[in-house]
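Below is one structure, written out as structure tokens, with a few remarks after it.
On a predicted model such as this, the values are computed, not experimentally measured, just so you know.
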Amino acid sequence: MALFPLCRTPSDFLHGRRAAVTERSSHPIFQVLGVNKGGQMAGKEAVRPAGGKQAVETPWGAPLVWGDASNSEWRRAQFAKEEIRTGLLVLVVGTYAQHVRRFLWSAEANFLPGRTVTYYVLTDNPRSLDPPVQLGPGRALQVVPIAELPGWERLAQRRMTLLAEAIRDPIRTEVDYVFCADVDQEFVAPVGEEILGELVATLHPELYGMPRNTFPYENDESSSACVDEDEGDYYYTSELYGGSVAEMHSLTRACSILILQDHANGVSARGLEESYLNRYLVNHRPTCVLSPEYSWWESALSADVPVQRLVSLGRQCEALDEKKKLQHRC
């Protein structure tokens, strides 16, 4: 498998500390809370990129991907020359089974269209995929049964372990890249080869453009997920991340070990597995960073992110519920 030339090797970004970058004013969602860098009341001005342009590179030189940017077109053209097999891995437990068909249908339409893709569904309810979803040419579905995981806390403790085990066997020998995604999402616009890289993370949509001090890193020093004040570049979402199978096995295995160690010591990170993912990505900087287009929630960034490609259905439902509550109060 040929590696894309812009995506540096992971060793280039190991053990990285925060690069010197200019901090912007607080994101509007935090301004609503009345907090800025110094913990004082903030103004209400919306954040906009300088000169109206989006950054297309991270401080350490990795591509920061916007789907319609010219460098993304070039990346897609380069990958078009390669025969690439990609896995899309989702965990479907309990009531999340209601989302799996919609997720797969949307992926069929928009996730790496025309490419070889295998969907790996880890589920405690294989019957949720009966009858099977009809797939296009070059697409396949593998259902991997797992034990029932009642309760959100138990799921959070076991998720990374389950992903690591699935990547080790069977995924590792079947595909070149694998992406982990939350199943309560929908692909609403094309997601192409521009997302491919050795280690790929997605910027959290509520924290893009925010100063470092607002990131909800774990700050409990007794936790293995703790991030010091002088560490960290971005805050990443756990709703979509990926990379080569070797890098993804290393990531999920390392996070699972830290989670289990903390659990044995009676410690739980406030962001659950997302905290451990961010801890790992501080030490192993991504070789490719996806913009908030690729993990969209309803937020104040709408003007800056006109195209949404992967939308969280859960967050949409939460926003609708809140809207209904407000209307009822009025």
Minimum heavy-atom distance between A107 and R139, given as atom pair plus value | O-NH2, 3.2 Å
Given the rule in the side chain to side chain contact (heavy atoms under 4.5 Å, CB included) test, do E273 and I259 qualify, once you have shown the distances and angles that lead to the verdict?
-> CA-CA 7 Å; E273 73 266 21; I259 290 169; 4.1 Å; yes
Starting at CE of M160, measure out to CG of L258 and round the result to the nearest 0.5 Å.
-> 10.0 Å
Within the distance-only criterion (no hydrogens, no angle test), does the side chain of Q185 pair as donor or acceptor with the backbone N or O of V311 below 3.5 angstrom?
-> no
Do the side-chain N and O atoms of E194 and Y294 include a donor-acceptor pair separated by under 3.5 angstrom?
-> yes
To the nearest 0.5 Å, how far apart are CD in E83 and OG1 in T116?
-> 6.5 Å
When rounded to the nearest 0.5 angstrom, what is the spacing between OG in S295 and NE2 in H204?
-> 7.0 Å
Could you give me the CA-CA distance, side-chain angles and deciding distance for F103 and H99, then say whether ring pair (Phe, Tyr, Trp, His ring centres under 6.0 Å) is met?
-> CA-CA 6 Å; F103 177 86; H99 299 295; 9.8 Å; no
Worked check of side-chain hydrogen bond (donor to acceptor under 3.5 Å, both in side chains) between Y276 and D262 | CA-CA 11 Å; Y276 297 90; D262 275 4; 2.6 Å; yes
Is it true that a side-chain atom of S72 and a backbone atom of W66 form a donor plus acceptor pair closer than 3.5 Å?
-> yes
Between D228 and R279, does at least one N-O distance fall below 4.0 Å, as a salt bridge requires?
-> no
Among L64, L281, N278, L207, the one residue meeting side-chain contact (heavy atoms from CB on, under 4.5 Å) with Y234 | L64
Specify the closest pair of heavy atoms between A97 and N125, including all atoms of both residues, with the distance to one decimal.
-> CB-ND2, 4.3 Å
E274 side chain vs G271 backbone, donor-acceptor pair below 3.5 Å = no
Could you give me the CA-CA distance, side-chain angles and deciding distance for T123 and V93, then say whether side chain to side chain contact (heavy atoms under 4.5 Å, CB included) is met?
-> CA-CA 5 Å; T123 181; V93 296; 5.9 Å; no
Look at the side chain of D220 and the backbone N and O of S222, then say whether any donor-acceptor pair between them is shorter than 3.5 Å.
-> yes
Looking only at heavy atoms, which two atoms of A181 and L88 are closest? And how far apart?
-> CB-CD1, 4.2 Å
Is a side-chain donor or acceptor of T287 paired with a backbone partner of E198 at a separation under 3.5 angstrom?
-> yes
Hey, does E108 have a side-chain heavy atom less than 4.5 Å from the side chain of L135?
-> yes
L91 and V183: which non-hydrogen atoms are nearest, and at how many Å?
-> O-CG1, 3.9 Å
Would a distance-only check, ignoring hydrogens and angles, find a side-chain to backbone donor-acceptor pair under 3.5 Å from N265 to Q261?
-> yes
Kindly say whether N219 contributes a backbone atom to a donor-acceptor pair with the side chain of S223 at under 3.5 angstrom?
-> no
Say whether, by atom type as modelled, one donor and one acceptor occur between the side chain of R76 and the main chain of G67 under 3.5 angstrom.
-> yes
4.5 Å side-chain heavy-atom contact, C288 and R75 = yes
R159 and D182: CA distance, side-chain angles, deciding distance, salt bridge (charged side-chain N to carboxylate O under 4.0 Å, His left out) verdict = CA-CA 11 Å; R159 178 181 172 125; D182 282 2; 2.6 Å; yes
Is it the case that one hydrophobic cluster holds both L272 and L260, taking links as side-chain heavy atoms less than 4.5 Å apart, direct or via other members?
-> no
Determine, step by step, whether Y235 and Y217 satisfy the ring pair (Phe, Tyr, Trp, His ring centres under 6.0 Å) criterion, reporting the C-alpha distance in whole Å, the side-chain angles of both residues, the deciding distance to 0.1 Å, and the verdict.
-> CA-CA 8 Å; Y235 191 83; Y217 289 132; 5.6 Å; yes
Shortest non-hydrogen pair, D233 vs F215, comes out as O-CE1, 3.6 Å
Backbone of P286 reached by a side-chain donor or acceptor of W60 within 3.5 Å | yes
Give the intermediate values and the outcome of side chain to side chain contact (heavy atoms under 4.5 Å, CB included) for residues L199 and H284.
-> CA-CA 9 Å; L199 184 57; H284 306 77; 4.1 Å; yes
Give, for atom OG of S291 and atom CG of L203, the distance between the pair rounded to the nearest 0.5 Å.
-> 7.0 Å
Do the side chains of L310 and L240 get nearer than 4.5 Å, heavy atoms only?
-> yes
Spacing of CD belonging to Q134 relative to CG belonging to L141, to within rounding of 0.5 Å = 12.0 Å
Is R85 salt-bridged to E174, cutoff N-O under 4.0 Å?
-> no
Shared hydrophobic cluster, I257 / V267 (ILVMFWY, side-chain heavy atoms < 4.5 Å) = no
Would you indicate whether R253, at its atom CZ, is surrounded by more than 12 heavy atoms from other residues, nucleotides or ligands within a distance under 6.0 Å?
-> no
Side chains of Y120 and V90 in contact at under 4.5 Å (non-hydrogen atoms) = no
Basic-acidic side-chain contact under 4.0 Å: R115, E193 | yes
Looking at R309 and D68, does any basic side-chain N land under 4.0 Å from a carboxylate oxygen?
-> yes
Minimum side-chain heavy-atom gap I167-L89 below 4.5 Å = yes
Is there a donor-acceptor contact under 3.5 Å from the side chain of S256 to the main chain of T252?
-> yes
Can you tell if the side chain of L313 reaches within under 4.5 Å of the side chain of R102, non-hydrogen atoms only?
-> yes
Say you draw a straight line from OG1 of T86 to CG of L196; how long is it, rounded to the nearest 0.5 Å?
-> 5.0 Å
Chi angles and distances behind the side chain to side chain contact (heavy atoms under 4.5 Å, CB included) call for V245, Y177 | CA-CA 5 Å; V245 287; Y177 297 95; over 6 Å; no
Would you say V117 and L129 are hydrophobically clustered, going by side-chain heavy atoms of ILVMFWY under 4.5 Å?
-> yes
Is the shortest side-chain N to carboxylate O distance from E229 to R212 below 4.0 Å?
-> no
Smallest separation among heavy atoms of L162 and L122, with atom names | O-CD2, 3.7 Å
Using 30° and 60° as the class limits, which term best fits the ring planes of F187 and F111: parallel, tilted or perpendicular?
-> tilted
